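Since this is a predicted model, take the numbers as computed values, not measurements. Starting from 1, each residue takes its place in the sequence as its number. Worth knowing before you read on, the calculation uses all heavy atoms, side chains too, and leaves out hydrogens, waters and symmetry mates.
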Amino acid sequence: MTHRTIHLFNKGLRLHDNPSLLAAMESSAAVYPVYVLDRQLMAASAHIGPLRWRFILQSLEDLHSSLQERGSRLHVLQGPYLDVVRHLVARWGITQISFDSEVEPHCVQLEAGLRGLAGELGLSIISCVAHTLYDVKRIIKTNDGKPPLTYKKFLHVLSFLGEPDKPARDITTADFQKCLTPRQDGDDEKDRVPTFEELGLEVEPEVLWPGGESHALKRLEQHFQSQGWVANFSKPRTIPNSLLPSTTGLSPYLSLGCLSVRTFYHRLSSIYAQSKNHSLPPVSLQGQVLWREFFYTVASATPNFTKMEGNPICLQIGWYDNQEALQKWKRGQTGFPWIDAIMTQLRQEGWIHHLARHAVACFLTRGDLWISWEEGMKVFEEYLLDADYSINAGNWMWLSASAFFHHYTRIFCPVRFGRRTDPEGQYLRKYLPVLKNFPSKYIYEPWNAPEEVQLQAGCVIGKDYPLPMVSHQEVSERNLELMKQVRSEQGNTAELTRDVADDPMEIGAKRHAQEEGPGADESAGRSCSSAASSRKRCSSGGEHGGRACSWTPEAVRLPEISSEVM
């Protein structure tokens with residue numbers, strides 16, 4: 001134990017299952033926990049909005065408190081990443097650096113820079129995989145050096161690898177008593193977590209999703225108290241417009257590494273082992289974690305994964321460049337209350353249910369506006385607390401039918417989707433208070449309300465709330481024909497991400513329909529026509545809005561947008 005080590009926190013903002021930090025402590029006489037806040041580097045890799053920034057800063061404060069409780073502290077320094085590390089090496093007489101190995105392009109580039117710096121300065125390196133269940137390079141190697149491009153193929157590859165590694169043990173006060181973090185007078189005022197004001201952030205005072213490891217573990221324990229709920233969790237049974245999250249809400253903590261995915265996975269395994277009957281992938285909680293791993297794996301080995309051009313698995317589509325329409329969608333002013341309420345919740349809270357993500361993603365892309373999935377991905381990247389490079393891009397490709405998803409004739413209905421699970425419109429009344437006085441009969445399609453009803457509700461459509469920006473029936477029919485043409489012309493690309501055998505999502509749908517008996521497909525949300533088929537109505541008509549119901553969600557067939565996996 002002769003080294004003096006800097007441990008560089010990035011995403012693994014936790015003291016449980018942190019193998020890099022643990023290995024550093026076992027080989028060092030002194031360890032300095034460090035977080036480098038390189039705003040220029042972070043801005044180059046992602047557009048981070050105020051809510052996400054707050055979540056990051058809260059997570060750093062939480063980590064600092066946890067380290068203080070164990071006799072250490074977190075040093076937070078701002079500036080160019082490698083310059084900061086070089087300065088600290090000289091300042092503290094460092095002989096070793098440790099960090100987690102990650103797969104995102106900017107992280108890979110940064111790791112290469114750190115390795116180059118270590119070579120130049122003669123430093124030892126410790127680097128472990130901790131943000132994913134497996135080392136994704138091992139998955140790719142097992143698949144003949146290529147990423148498995150379908151979920152079923154991915155699960156097949158995992159069958160050769162066995163279970164993921166068990167989590168590393170928690171780091172305790174005793175560890176820091178053996179391996180000190182040297183301190184000097186006035187240290188508490190140096191290298192601290194900056195305030196929101198110092199970063200120029202303005203956010204509402206209410207915090208619905210406090211950041212940090214301690215909050216992640218508390219939320220985990222709360223959900224795991226009900227082992228029956230965990231064992232029987234199934235995505236089709238969660239509600240997209242519940243006023244409180246109907247899922248675990250752990251995705252923000254997983255995305256930043258406040259919660260270890262291996263800890264979560266193995267806790268699930270222990271509960272499943274005690275249950276005679278439990279839900280299975282892809283709809284189970286464990287199945288959702290594997291979706292996360294799938295997209296991390298594909299993204300790590302696919303050039304230009306977050307772009308359409310130069311992306312070999314993505315269909316090349318002539319999306320419309322309509323900035324006015326994009327801004328209406330982003331600001332929640334489409335005139336479709338279900339879509340607008342979701343986008344309002346996203347901006348205000350930084351989180352929306354995975355099925356709500358499906359609805360607004362389909363509406364922006366292949367359903368209604370025919371705007372590129374890249375534009376939607378950027379908006380989610382800005383607003384979501386659980387924004388994640390790999391999962392966000394992968395699922396936007398999925399929902400736009402640019403890759404992975406091949407039942408492109410299923411188009412979400414922007415009226416019937418939300419009404420199915422919240423017929424009284426309580427979700428709409430919360431996030432669109434301008435419509436709160438509308439009768440339930442009209443709240444999902446207020447343009448159909450008689451004039452006297454609108455006046456009585458204190459909201460005239462077209463004046464106080466916008467008319468629908470498109471006719472859903474007309475644009476969805478047009479877009480379906482455009483998508484058919486694209487897929488006909490680019491069939492070879494489309495086939496890259498299609499399972500040659502039964503789609504595991506389809507198997508999951510059939511299984512749940514059998515389990516729940518007659519009518520199960522209706523409760524999950526089934527196809528109620530698309531464009532040229534049976535023409536079921538999703539509203540009572542009207543000149544301006546969603547007149548034909550295209551599709552309501554068959555949840556078991558779709559993964560989540562971004563990392564809202566639970």
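Atom CD of Q327 has more than 12 neighbouring heavy atoms from other residues, nucleotides or ligands inside a 6.0 Å radius. For CD of E202, the number of neighbouring non-hydrogen atoms (other residues, nucleotides, ligands) closer than 6.0 Å is 12 at most.
R267 has its side chain within reach of E221: a pair of non-hydrogen atoms, C-beta onward, lies under 4.5 Å apart. In this structure, M308 and C314 have side chains that are in contact, with non-hydrogen atoms separated by less than 4.5 Å. Side-chain atoms of V261 and R292, non-hydrogen and from C-beta on, do get closer than 4.5 Å to each other. With a 4.5 Å cut-off on side-chain heavy atoms, T365 and L399 do not count as touching. Proximity of L290 to Y151: side-chain heavy atoms (C-beta onward) are separated by under 4.5 Å at one or more points. Under the 4.5 Å side-chain criterion, counting only non-hydrogen atoms from C-beta, P312 is in contact with T302. The shortest side-chain heavy-atom distance between Y383 and R52 does not fall under the 4.5 Å cut-off. A heavy-atom distance below 4.5 Å is found between the side chains of H472 and P414.
The backbone N or O of W398 lies less than 3.5 Å from no partner atom in the side chain of N395, so there is not a single donor-acceptor pair. Without hydrogens or angle criteria, R357 side chain to I352 main chain gives a donor-acceptor distance under 3.5 Å. Counting only distance, with no hydrogens or angles, the side chain of Q454 and the backbone of A449 share a donor-acceptor pair below 3.5 Å. For the pair N311 (side chain) and K307 (backbone), a donor-acceptor distance under 3.5 Å is present. No donor-acceptor pair under 3.5 Å is formed between the side chain of R219 and the backbone N or O of S214. Formation of a donor-acceptor pair under 3.5 Å by the N392 side chain with backbone atoms of D388 is not found in this model. Checked by atom type and distance alone, the side chain of Y444 pairs as donor or acceptor with a backbone atom of G418 at under 3.5 Å. Under the 3.5 Å distance criterion, the side-chain polar atoms of E381 are matched with a main-chain donor or acceptor of H47. A donor-acceptor pair under 3.5 Å is absent between the side-chain atoms of R262 and the main chain of T132, judged by distance alone.
There is no side-chain donor-acceptor pair under 3.5 Å between D386 and Y253. For the residue pair S440/R429, the side-chain donor-acceptor check at 3.5 Å is satisfied. Using modelled atom types and a 3.5 Å distance limit, the side chains of E481 and Q485 yield no donor-acceptor pair. Checking D62 against H215 by side-chain atom types alone, no donor-acceptor pair falls below 3.5 Å. Using a 3.5 Å distance cut-off with no hydrogens or angles, the side chains of Q426 and Y431 do not pair a donor with an acceptor. Using modelled atom types, one finds a donor on one side chain and an acceptor on the other under 3.5 Å when comparing T334 with D340.
Partners of E452 according to the side-chain contact (heavy atoms from CB on, under 4.5 Å) rule, which considers only residues two or more places apart in sequence or in another chain, are P450.
Across Y389, F405, W319, F380, a single residue satisfies ring-ring contact (aromatic ring centres under 6.0 Å, His included) together with W396, and that is F380. Each of I313, L315, V298 was checked for a side-chain contact (heavy atoms from CB on, under 4.5 Å) with T497, and the lone residue meeting it is I313.
Checked against a 6.0 Å centroid threshold, the rings of F336 and F363 count as neighbours. Outside the 6.0 Å centre-distance limit, the rings of Y442 and W447 are not counted as a close aromatic pair. Centroid-to-centroid, the aromatic rings of H131 and Y296 come within less than 6.0 Å. Two rings, from F417 and W338, have their centers less than 6.0 Å apart. The six-membered or imidazole ring of F55 lies away from that of W209, with a centre-to-centre distance of 6.0 Å or more.
For residues 320-330, the set of pairs meeting the salt bridge (charged side-chain N to carboxylate O under 4.0 Å, His left out) definition, not counting sequence neighbours, comprises E324-K328, K330-E382. The side-chain hydrogen bond (donor to acceptor under 3.5 Å, both in side chains) contacts involving residues 369-378 comprise nothing, where partners must be two or more places apart or lie in separate chains.
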**Prompt:** Hey, mind stepping through F295 and F404 against ring-ring contact (aromatic ring centres under 6.0 Å, His included) and telling me if it holds?
**Reply:** CA-CA 10 Å; F295 282 128; F404 305 113; 5.3 Å; yes

